[in-house]
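For reference, the structure is listed below as structure tokens.
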Amino acid sequence: MTTLQKRLLVVISILTAFMVFVASSLFMAFMINPDQLYVRYQSVEDTKISQDIGVVSMVYFTDVQYGKFQDDARMEKLIHTIQDLDPGIVIFGGDLYDDAYTPSEESNQKLIQYFNQIEAPLGKFCVLGEKDQDETKAQSVQSILNNSGFEILSNTSVRLLNCIRLTGLTTSPDYSILSANAAQEYNIVVSHYPDVLLDQSLQSTAISLALAGHAHGTQLTYPCLGAYRSVEGATSLNRAQSVNLPFETILSAGVGCTKVDARLNADPEIHYFLFSHKN
């Protein structure tokens, strides 16, 4: 075999391996990944959490996008996963319906039944995404959340267990509500839009943990090339573009798919926290 033939063989081998890698990635992205659901576990120990409460569990999930791609099979997997975790607190981060889907009375009742199966003795809370406020969906979403026991936090906060303050910001936030945050409390802030967390006023606000979704972890993230699209509300803070913030931030890839039923390097996920006192 000549030197030229050896080089050609190497090039062909590399190209073949690359094509196999691309083909397998696309197969996983379109045929496997959207039906997966991963639980991200995190233990949080903090001196601000009272020793008297023991260990408190919390589930955070966002971007259900029920309708075009998020069908009943995926919803049942989501609900059963949350039930098995048996959380004390549940937080939904917004975007219940997909924007390509028009709610019906039947779909509303289905979602009420699903969300009613979620139990959380310390409370079920949510913030609204931009799709939840669309004029074709707002009434349905309000009815579903109200009839399934979720408290909507619209630039409001609640105090839990005398040591945890939970604040929900809207897509048009009123940051003054965060002035109620006390340094001795464990302060959780939930926002549908990640970019909301970049406001300069938050640099000096007592925040222990911030939760956001909306961008679906960019849903499709190509190695070296980055996200396949940019979305308003997550142009400056997303999985592909990080920013150093003075508080811990979780940017969830969410549960459902939008625009395309595919996931690459952004698996569907929910987050499970265990909070306890740090000695």
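For clarity, every value in this text was computed on a predicted model and none was experimentally measured. Every heavy atom of this structure was used, including side-chain atoms; hydrogens, water molecules and symmetry mates were not.
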(Q) Side chains of T167 and N187 only: does a donor on one sit below 3.5 Å from an acceptor on the other? (A) no
Q. Which atom names give the shortest non-hydrogen contact between G217 and A266, and what distance separates them?
A. O-CB, 3.5 Å
Q. Can any side-chain N or O of T205 pair as donor or acceptor with the backbone N or O of I207 at less than 3.5 Å?
A. no
Q) Within the distance-only criterion (no hydrogens, no angle test), does the side chain of N33 pair as donor or acceptor with the backbone N or O of L264 below 3.5 angstrom? A) no
Q.
For residues 267-276, which residue pairs pass the side chain to side chain donor-acceptor pair (under 3.5 Å) check, not counting sequence neighbours?
A. R40-E269, R239-E269, S252-H271, E269-H271
Q) Can you name the nearest heavy-atom pair linking S57 to D86, along with the distance? A) OG-O, 3.6 Å
Q: Assert yes or no for the condition that the ring centre distance of F92 to F61 is strictly below 6.0 Å.
A: yes
Q.
side chain to side chain donor-acceptor pair (under 3.5 Å) for Y186 and N181? Distances and angles first, verdict last.
A. CA-CA 9 Å; Y186 190 86; N181 286 8; over 6 Å; no
Q | Spacing of CG belonging to L198 relative to OG belonging to S236, to within rounding of 0.5 Å | A | 6.0 Å
Q. In chain order, what residues pass the side-chain hydrogen bond (donor to acceptor under 3.5 Å, both in side chains) check against T249, with sequence neighbours excluded?
A. none
Q: Indicate yes or no for a side-chain donor-acceptor contact from R263 to the backbone of H216 under 3.5 Å, with no hydrogens or angles considered.
A: yes
Q.
Go through it in stages, so that I can follow the logic: the residues are I188 and F273, the test is side chain to side chain contact (heavy atoms under 4.5 Å, CB included), and I'd like the CA-CA distance, side-chain angles, deciding distance and then a yes or no.
A. CA-CA 12 Å; I188 302 173; F273 299 88; over 6 Å; no
Q | T258 and D98: CA distance, side-chain angles, deciding distance, side chain to side chain donor-acceptor pair (under 3.5 Å) verdict | A | CA-CA 7 Å; T258 189; D98 190 41; 2.7 Å; yes
Q: Give every residue pair that meets the side chain to side chain donor-acceptor pair (under 3.5 Å) criterion with at least one member in residues 41-56, sequence neighbours excluded.
A: Q42-E248
Q. Is atom NZ of K68 surrounded by more than 12 heavy atoms (other residues, nucleotides or ligands) closer than 6.0 Å?
A. no
Q: Grab the two heavy atoms, one from D63 and one from H214, that are nearest each other, plus how far apart they are.
A: OD2-N, 2.8 Å
**Q.** Short side-chain to backbone donor-acceptor contact, S179 and S176, under 3.5 Å
**A.** yes
Q: Heavy atoms only: give me the nearest V64-V255 pair and the separation to one decimal.
A: CA-CB, 4.4 Å
(Q) Quick check for you: to the nearest 0.5 Å, what is the distance between L169 atom CG and L211 atom CG? (A) 11.0 Å
Q.
How close do L145 and C126 get, counting heavy atoms only, and between which atoms?
A. CD1-SG, 3.6 Å
Q. Are V158 and I89 connected in a single hydrophobic cluster, I mean Ile/Leu/Val/Met/Phe/Trp/Tyr linked by side-chain heavy atoms less than 4.5 Å apart?
A. yes
Q) What residues, two or more places apart in sequence or in another chain, satisfy side-chain hydrogen bond (donor to acceptor under 3.5 Å, both in side chains) together with D261? A) R74
Q) Do I270 and V90 belong together in a cluster built from hydrophobic side chains that touch within less than 4.5 Å? A) yes
Q. Is there a side-chain contact between L166 and V190, using heavy atoms and a 4.5 Å cut-off?
A. yes
Q. Between K137, K259, Q65, which is the residue that forms a side-chain hydrogen bond (donor to acceptor under 3.5 Å, both in side chains) with D99?
A. K259
(Q) Could you check whether any side-chain N or O of T156 sits under 3.5 Å from a backbone N or O of S154, counting only pairs where one atom can act as donor and the other as acceptor? (A) yes
Q | N155 CG to T170 OG1 distance, which is reported to the nearest 0.5 Å | A | 4.0 Å
Q. Does any non-hydrogen side-chain atom of I32 lie less than 4.5 Å from one of Q36?
A. yes
Q. Same cluster for M58 and L37 if Ile/Leu/Val/Met/Phe/Trp/Tyr side chains link at under 4.5 Å?
A. no
Q. Has the side chain of K77 got a donor or acceptor atom that lies under 3.5 Å from a matching backbone atom of D35?
A. yes
Q) Checking side chain to side chain donor-acceptor pair (under 3.5 Å) for the pair S107/Y97: CA distance, chi angles, key distance, verdict? A) CA-CA 10 Å; S107 67; Y97 277 113; 2.8 Å; yes
Q: Kindly say whether G129 contributes a backbone atom to a donor-acceptor pair with the side chain of Q133 at under 3.5 angstrom?
A: yes
Q) Which distance, rounded to the nearest 0.5 Å, do you find between the CD of E185 and the OG of S208? A) 9.0 Å
Could you list the donor-acceptor pairs under 3.5 angstrom formed between side-chain atoms of residues 114-122 and any protein atom two or more places apart in sequence or on another chain?
residue : atom : partner : partner atom : Å
Y114    : OH   : D72     : OD1          : 3.1
N116    : ND2  : I112    : O            : 3.3
N116    : ND2  : N147    : O            : 3.2
Q117    : NE2  : Q113    : O            : 3.3

Q) Are L209 and L85 linked, directly or through other ILVMFWY residues, by side chains that come within less than 4.5 angstrom of each other? A) no
Q. Does Y101 share a hydrophobic cluster with V260, counting links as ILVMFWY side-chain heavy atoms below 4.5 Å and allowing steps through other members?
A. no
Q: Before giving the answer on side chain to side chain contact (heavy atoms under 4.5 Å, CB included), spell out for Y66 and L111 the whole-Å C-alpha distance, their side-chain angles and the decisive distance to 0.1 Å.
A: CA-CA 9 Å; Y66 182 81; L111 287 173; 3.9 Å; yes
Q. Out of curiosity, D195 CG to L237 CG, how far, rounded to the nearest 0.5 Å?
A. 6.0 Å
Q) Is the closest side-chain heavy-atom distance between V44 and L274 below 4.5 Å? A) no
Q | 4.5 Å side-chain heavy-atom contact, L202 and Q200 | A | no
Q: Give a yes or no answer on whether the side chain of H192 reaches the backbone of A212 with a donor-acceptor pair at less than 3.5 Å.
A: no
Q: I would like to know whether L128 and T171 meet side chain to side chain contact (heavy atoms under 4.5 Å, CB included); could you show each step before the answer?
A: CA-CA 8 Å; L128 298 179; T171 52; over 6 Å; no
Q.
Atom CD of residue position Q83 - does it have more than 12 heavy atoms of other residues, nucleotides or ligands inside 6.0 Å?
A. yes
Q) Residues in salt bridge (charged side-chain N to carboxylate O under 4.0 Å, His left out) with D132, at least two apart? A) none
Q.
Return the CD to CD distance between Q109 and E105, rounded to the nearest 0.5 Å.
A. 5.0 Å
Q. Which atoms form the tightest heavy-atom contact between I144 and S148, and what is the distance?
A. O-OG, 2.6 Å
